[in-house]
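Read through the structure below, which is laid out as structure tokens, and then see the notes.
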Amino acid sequence: MTNLEQRYLSAKRALFERYYGAFLNPEQCRAVLTVSGPLLILAGAGSGKTTVLVNRICHIIKYGTAYESKQVPDDLSEALVAEREGAVHAPLSKEELESLLNEYIARPCPPWAMLAITFTNKAAREIKERLRVALDNEELSEEIWAGTFHSICVRILRRYGERVGIAPSFSIYDTSDTKHLITEVMRELNIDDKILPIRSVTSAISAAKNELISPEVYESTAGDLRKRQIARIYKEYAERLLKYNAVDFDDIIMKTVMLLEENPDVAEYYQNKFSYVCVDEYQDTNPAQFKLTYLLSAKNRNIMVVGDDDQSIYRFRGATVENILQFDKVYTDAAVIKLEQNYRSTSNILDAANAVIANNEMRHGKTLRTEKAEGEKITLYRAENEDGEARFIVDTILHRRIEERRPYRDFAVLYRVNAISRSLETAFAKSGVPYRLLGGTRFYDRKEVKDILAYLFLLQNTGDDQRLRRIVNEPKRKLGDKTMDTVAALAEETGGSMFDVMLYANAFPPLAKVADKLLAFAGLITDLQKDAETVKPSELIPLVMEKTGYLAMLKAGGKAMEDDIDNLNELVSAAVAYEEKTLEPTLPGFLEEAVLVSDVDKYDEEADAVVLMTVHSAKGLEFPVVFLAGAEEGIFPGSQSINNPEELPEERRLAYVAITRAKEKLYATYTAQRLLYGQTQRFRVSRFFGEEIPQGLLERNERRPSPPPRATVPSARPSALSGEFARRASVSTQSAPRRAAFEHMAVGDRVLHSTFGEGEVLSVRSLGADELYEIAFDSGEKKKLMATYAKLKKL
DNA sequence: ATGGGGCTGCTTTTT
DNA sequence: GCAGCCCCAT
């Protein structure tokens, strides 16, 4: 290569670096400009991961391999090179620079040859949206294959699924459908769920699928009785799914991998189609997903994965952090780029996060840095019980909101387990602070919604016996288990589906008595199928509600069913929304979305309210002020993980995720005793927050004499505390402002209450300095009352 | 076939 | 503390 050529190439690179350097840091630039071959990007929390991902995709679509290419023009002249070298430092507008870069375009990637895989719909949506903006071209961005693992695999299966025995109209089973089917299978195989709990069976089968272990292989390696039984269940379960033309969540990935492995022509088609494969949140991939991305990128080997091994928190769902830890061992020629510059948190928060995670071994090892100021210290707050904890959080929010003029949406309360949210929710409700509680029952998990969806799935795929059984007697049609068992047996004999048997019910003597009811039902479904051919999902849903009598059933239920009706109306709205945003809305398309969507997707920072959620759901989000409630040994880390060296590191990663959600201020709160799962337990502070965070970064509220013995009036408030802190603590701790001395009651005492009248004490529970009485009043009412407030009189 | 009343057991949950 | 499930009585 001549000197002139080298100067040409280095000017070219300098121009690209200048372009991206205007808004990216050097590591981010390198990540965007590393286009060919395997690439691992280790992106710390808040390091601009999505920005890099989006810019890299955009860059490849626009410029292809321009930056790396060694191509030089045939007619390279000194004048051209000098001009370009001059441009590197010349004052140029963005547009001028872009038009210069256009000169270097080399093998740009067509959008349909770009595959970007995420885990959540929310992430997929965000990427698509940002690509649309960055490319400034709606049509182009629409053609990019950006979606979740599941949606992309569904797309592939709809097209080629028949090669692995899945017809295009297949149903998708969610976790609860799966559980029901496995329960049924176990009943049939006479396996007692007391000996082999369903939970352990579903998770074993799920784990097997995540590891691409087929029923046959599972069976052949099953040693002990337990495993042999699971093997039997797995085998039967898989056969049922095949028969019903249904797939569960894990199948969606596993069957796609099988499809690609067993059909070289299909594999080749996709390998040729996709020039580039990008995978987000790589630390959460399982072996099946690893294989999938491996296969899809096998030809060009242009596979880029982004993730953070320190944020791998889904081991329990089959994710193996080894995928990201071993990436550069599997792809030995992989480039590795670490993004360690954090743009989110103050340095105190980052130092805390770095210190906690440093206790883990087996990491790629990153240390986040920031240019932000130290910021406030982390507050570690000890409350006497869960009510004190909740009050502290609510009071602090009220206080900071006024003092710092913050909207409610600046605050998030996180916790390890949903059970913690109860006391918090009560406190928020009482205080009038607007809040949103994420988690709990998902919209699509509500019974009435699942029922209507089951009807819709059945219309699409009448072979789905499972869904048929779900709704055949909903509303009541006098078609109970007995009848349906007979139908199932006949279906088994004839080799058809239960629906087929119902269609010809009068041809089966055993069904003589119920034939008319069965035929009526089959007629109803056939009728609705005709409707389904002509109307949109949003119009079909009301028809289903009407014609099946489901709506009538709910209306008959009166007030209690009003919520159900509201939810179904919301389902119609969801269908309308789907139709609006989809080019070619279809029933299968809507159903797919309904099953593959979660409630967290709906959390779009709309309302001005404090948000309450688990640490798991908070991954990927950020808030100015974060409270971590329940920072206790036994809760976080959970009691199951405390003595389990396999699980403790994951708990620590979870703590790392929690800490790094905070931008400006982090509170960790814990209680001395907490009412959890119906009983009060004593707790110590979590090691992560009490020990592993350097003490210098912490501000504690507990440097005061131990609380006074129960039921004595505290004489003076001790104050080894800083002024500000004492003020805040005094309005909010469990030691309520006014603690009236109360009369102690014992079980069996007769008491008098000013409004409830006379009664008998059933139980006494001490809660910090207070006592909780359960009292059976003579009126027949049972009440639980706090001693301080109940003002009881002993009779 | 249906509905109600007692028992259990319990992380986390992108799809 | 409560949801979900099983069993039993109608």
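Just so it is clear, the structure is predicted and the values come from calculations on it, not from any experiment. Quick note: numbers below take in every heavy atom, side chains included, and nothing from hydrogens, waters or symmetry partners. Chain A is the first sequence line, chain B the second, and so forth, proteins listed ahead of strands; every chain is numbered from 1.
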ask   = If you take all heavy atoms of A:V657 and A:R661, which pair is closest and at what distance?
value = O-NE, 2.8 Å

message = If you only use heavy atoms from C-beta on, which nucleotide in B:dT11, B:dT13, B:dA1 is closest to the side chain of A:K482?
response = B:dA1

request  = Give A:E593 one of three labels, base, sugar-phosphate or nothing, depending on what nucleic acid heavy atoms sit under 4.0 Å from its own.
outcome  = nothing

query = Within a strict 4.5 Å, meaning less than it, do heavy atoms of the A:F443 and A:V449 side chains meet?
reply = yes

task = Rounded off to whole Å, could you give me the CG-to-P distance for the A:L612 and B:dT12 pair?
result = 15 Å

inquiry  = Just verifying a value: how many Å separate A:H180 NE2 and A:Q466 CD, rounded to the nearest 0.5 Å?
reply    = 7.5 Å

query = Between B:dT14, B:dT12, B:dA1, which nucleotide has the shortest distance from any of its atoms to the side chain of A:T483?
reply = B:dA1

Near-strand residues of residues 182-192 of chain A, defined as heavy-atom separation under 4.0 angstrom from DNA chain B = none

message = Roughly how many Å apart are B:dT13 and C:dG4, using the P atom of each and rounding to a whole number?
response = 15 Å

task = State the CD-CZ distance between A:E633 and A:F689, to the nearest 0.5 angstrom.
result = 11.0 Å

Integer-rounded Å distance: B:dT11 P and A:R315 CZ = 16 Å

message = Just the rounded figure in Å: distance from P of B:dT13 to CG of A:D284.
response = 13 Å

query = Is the shortest heavy-atom distance from the side chain of A:D192 to the side chain of A:I195 under 4.5 Å?
reply = yes

What protein N or O atoms touch nucleotides 3-5 of chain C N or O atoms at under 3.5 angstrom, if any, and at what distances?
| unit_1 | atom_1 | unit_2 | atom_2 | d |
| --- | --- | --- | --- | --- |
| C:dC5 | OP1 | A:K179 | NZ | 2.9 |

query = Taking OP1 and OP2 of B:dT14, is either one under 4.0 Å from a side-chain nitrogen or oxygen of A:S617?
reply = no

Euclidean distance, atom CD1 of residue A:I127 to atom P of B:dT14 [Å, nearest integer] = 18 Å

inquiry  = Looking at A:T118, I'd like to know whether one of its side-chain N or O atoms comes within less than 4.0 Å of OP1 or OP2 on B:dT14.
reply    = no

request  = Scan A:F149 against the nucleic acid and name what it touches under 4.0 Å (heavy atoms): base, sugar-phosphate only, or nothing.
outcome  = nothing

key: Test: A:R158 cationic atom under 6.0 Å from A:F170 six-membered ring centre, within 45° of axis   = yes

ask   = Across the strands shown, which category fits A:N418 at heavy-atom distances under 4.0 angstrom: base, sugar-phosphate, nothing?
value = sugar-phosphate

Under 5.5 Å and under 30°: A:F316 stacked on B:dT12 = yes

inquiry  = Nearest whole Å is fine: how far is B:dT15 C1' from A:H150 NE2?
reply    = 4 Å

inquiry  = Under the rule for side chain to side chain contact (heavy atoms under 4.5 Å, CB included), what residues qualify as partners of A:P168, not counting sequence neighbours?
reply    = A:E162

remark   = Per salt bridge (charged side-chain N to carboxylate O under 4.0 Å, His left out), A:R674 is matched among A:E389, A:E384, A:E386 by A:E389

query = In whole Å, what is the span from the CD atom of A:Q311 to the P atom of B:dT14?
reply = 16 Å

task = Have a look at A:Q289 and say if it touches a base, only the backbone sugar-phosphate, or nothing, with a 4.0 Å heavy-atom cut-off.
result = nothing

request  = Report yes if some heavy atom in the side chain of A:T178 is under 4.5 Å from a heavy atom in the side chain of A:I205; otherwise report no.
outcome  = no

ask   = Is the shortest heavy-atom distance from the side chain of A:M498 to the side chain of A:M484 under 4.5 Å?
value = yes

query = Is the base of B:dT15 touched by the side chain of A:R317 through a donor-acceptor pair closer than 3.5 angstrom?
reply = yes

inquiry  = Whether A:R467 engages the ring of A:F457 as a cation-pi pair (distance to the six-membered ring centre under 6.0 angstrom, angle to the ring normal within 45°) should be assessed.
reply    = yes

ask   = Looking only at heavy atoms, what is the nearest atom pair of A:I172 and A:V595, with distance?
value = CG2-CG1, 3.7 Å

ask   = Does A:N121 place a side-chain N or O at less than 4.0 Å from the phosphate oxygens OP1/OP2 of B:dT15?
value = yes

ask   = Is there side-chain contact between A:M186 and A:I198, with at least one heavy-atom pair below 4.5 Å?
value = yes

note = Readout for nucleotides 2-10 of chain B: B = base within 4.0 Å of protein heavy atom, S = sugar-phosphate only, - = neither; 5' to 3' it is SS------B

query = Hey, is A:R125 close enough to A:E129 for a salt bridge, meaning N to O under 4.0 Å?
reply = no

Protein N or O to nucleotides 8-10 of chain C N or O, pairs below 3.5 Å:
none

remark   = dist A:F688:CZ -> A:E632:CD (nearest 0.5 Å) comes out at 13.5 Å

task = Would you mind calling B:dT11 syn or anti? Take O4'-C1'-N9-C4 for purines or O4'-C1'-N1-C2 for pyrimidines, and syn is within 90° of 0.
result = syn

key: Those residues that, when tested against A:R159, pass side chain to side chain contact (heavy atoms under 4.5 Å, CB included) (two or more places apart)   = A:Y269, A:Y270

query = Atom CG of A:N644 to atom P of B:dT11: distance rounded to whole Å?
reply = 15 Å

inquiry  = Rounding to an integer number of Å, can you tell me how far A:Y314 OH sits from B:dT12 C1'?
reply    = 7 Å

request  = With DNA chain B as reference, determine whether A:V595 or A:A419 sits nearer its 5' end, using the nearest nucleotide of each.
outcome  = A:A419

